[in-house]
Number of protein chains: 2
Amino acid sequence: MFSAQNIGKKISEAGIKPSLQRIKIYEFLLKNNIHPTVDFIYNQLVNDIPTLSKTTVYNTLKLFEKQGLIINLIIDENEIRYDAMKNIHGHFKCDKCGKIYDFEYNHMQLEFLGLNHFNILKTELNLKGTCPECNQ
Amino acid sequence: MFSAQNIGKKISEAGIKPSLQRIKIYEFLLKNNIHPTVDFIYNQLVNDIPTLSKTTVYNTLKLFEKQGLIINLIIDENEIRYDAMKNIHGHFKCDKCGKIYDFEYNHMQLEFLGLNHFNILKTELNLKGTCPECNQ
DNA sequence: TTTATATTTGTAATCATTACATTTATGTTT
DNA sequence: AAACATAAATGTAATGATTACAAATATAAA
Ligand SMILES: [Mn+2]
Ligand SMILES: [Mn+2]
Ligand SMILES: [Zn+2]
Ligand SMILES: [Zn+2]
């Protein structure tokens, strides 16, 4: 499904050289759709790559985002989260367990009033509350 | 329009004692619909109240938000912004000038797919891009 | 092999936010 | 009014995510 070649190719197509670190980071995002923080990614990958630096994770994710390979989520203060799923979708963060869920919404029917001549580059729909697991 | 009595009354109705600092902070939010940061509010009010502490601004805004008097916006990393306008509306932040614009949207027609049994307590619709002034 | 360039790494700095102890204000009881 | 109790505000130190920066390493070109 996500072979090393395919991952490297995707990175290349975004105009980024596919180094070992970059491949591993992008692979992690593709295989784990959990909207991880930098810290989480670092702690998972440092097992594979003992020399990995957290700065590299920061730089790489920022580069990926700039090149449009991934998106970032600002759903809570003091943490940026990353997502390799680029189709339009919303996010729900559970106040209790902290898990972030994807959901779809009828974005085609969404209408903004009073934004004539605004150049919209990014749309973020974030919900908060409690998830079914925590509602028991 | 926003007399000191009215402001104090609103604060009281939220279950908060209307101290001088709390009145001034809430008054600032009501009269300046600019989604300010803690730092901005502090710098504006410290002229009026020379003894004001930034911690007080933090604590007060957090208390206001907990009691439902205001809402907070997480539209960008490393800053929380506050808004006394509590009707449902979205926010657009200009990447160039940093200004945050309110806008309305057809929230009644918004449909979420895959969120059965989720308890939604907060909805945030954040857009980014460039505003008309910066598009010249 | 040299040389240049790109990438990674480790450490220190930054900056918004929070923790916490102290001070000040407010309200109540004697 | 004085003493006491409680709430609120203040100032400083600590926290923690992110960034800056210089050195080290890897990759590519000459
Ligand atoms: Mn997602
Ligand atoms: Mn607003
Ligand atoms: Zn949950
Ligand atoms: Zn602008």
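Quick note on labels: first sequence line is chain A, next is B, and so on, each numbered from 1.
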Within this structure, what is the CD1-to-C1' distance between A:Ile23 and C:dT8, rounded to whole angstrom?
15 Å
Strictly by modelled atom types, are A:Asn135 and A:Thr130 linked by a side-chain donor-acceptor pair under 3.5 Å?
yes
Round to a whole Å and report the spacing from NZ of B:Lys24 to P of D:dA9.
14 Å
Comparing nearest nucleotides in DNA chain D, the 5'-proximal residue of the pair B:Ile49, A:Lys17 is B:Ile49
Nearest-Å distance for atom pair CZ/P, residues B:Phe40 and C:dA16
14 Å
Rounded to the Å, how far apart are A:Ile41 CD1 and D:dT18 C1'?
14 Å
Hey, is the side chain of A:Gln21 poking within less than 4.0 Å of OP1 or OP2 on D:dA26, counting only N and O atoms?
no
Sidechain N-carboxylate O distance under 4.0 Å for A:Asp95, B:Lys122:
no
Checking B:Gln21 now: which residues fulfil side chain to side chain donor-acceptor pair (under 3.5 Å) with it, not counting sequence neighbours?
none
Do any of residues 51-84 of chain A sit with a heavy atom less than 4.0 Å from DNA chain D, and if so which?
A:Thr55, A:Tyr58, A:Lys62, A:Asn78, A:Glu79, A:Ile80
Checking side-chain polar atoms at under 3.5 Å, does A:His91 have a donor or acceptor matched by the opposite partner on A:Asp102?
yes
Any carboxylate oxygen within less than 4.0 angstrom of a Lys/Arg side-chain nitrogen, looking at B:Glu79 and B:Lys93?
yes
A:Glu77 atom CD, neighbour heavy-atom count above 12 within 6.0 Å
yes
Can you tell me how far P of D:dT15 sits from CG of A:Asp39, to the nearest Å?
16 Å
Could you check how far CG of A:Leu20 sits from C1' of C:dT7, rounded to whole Å?
12 Å
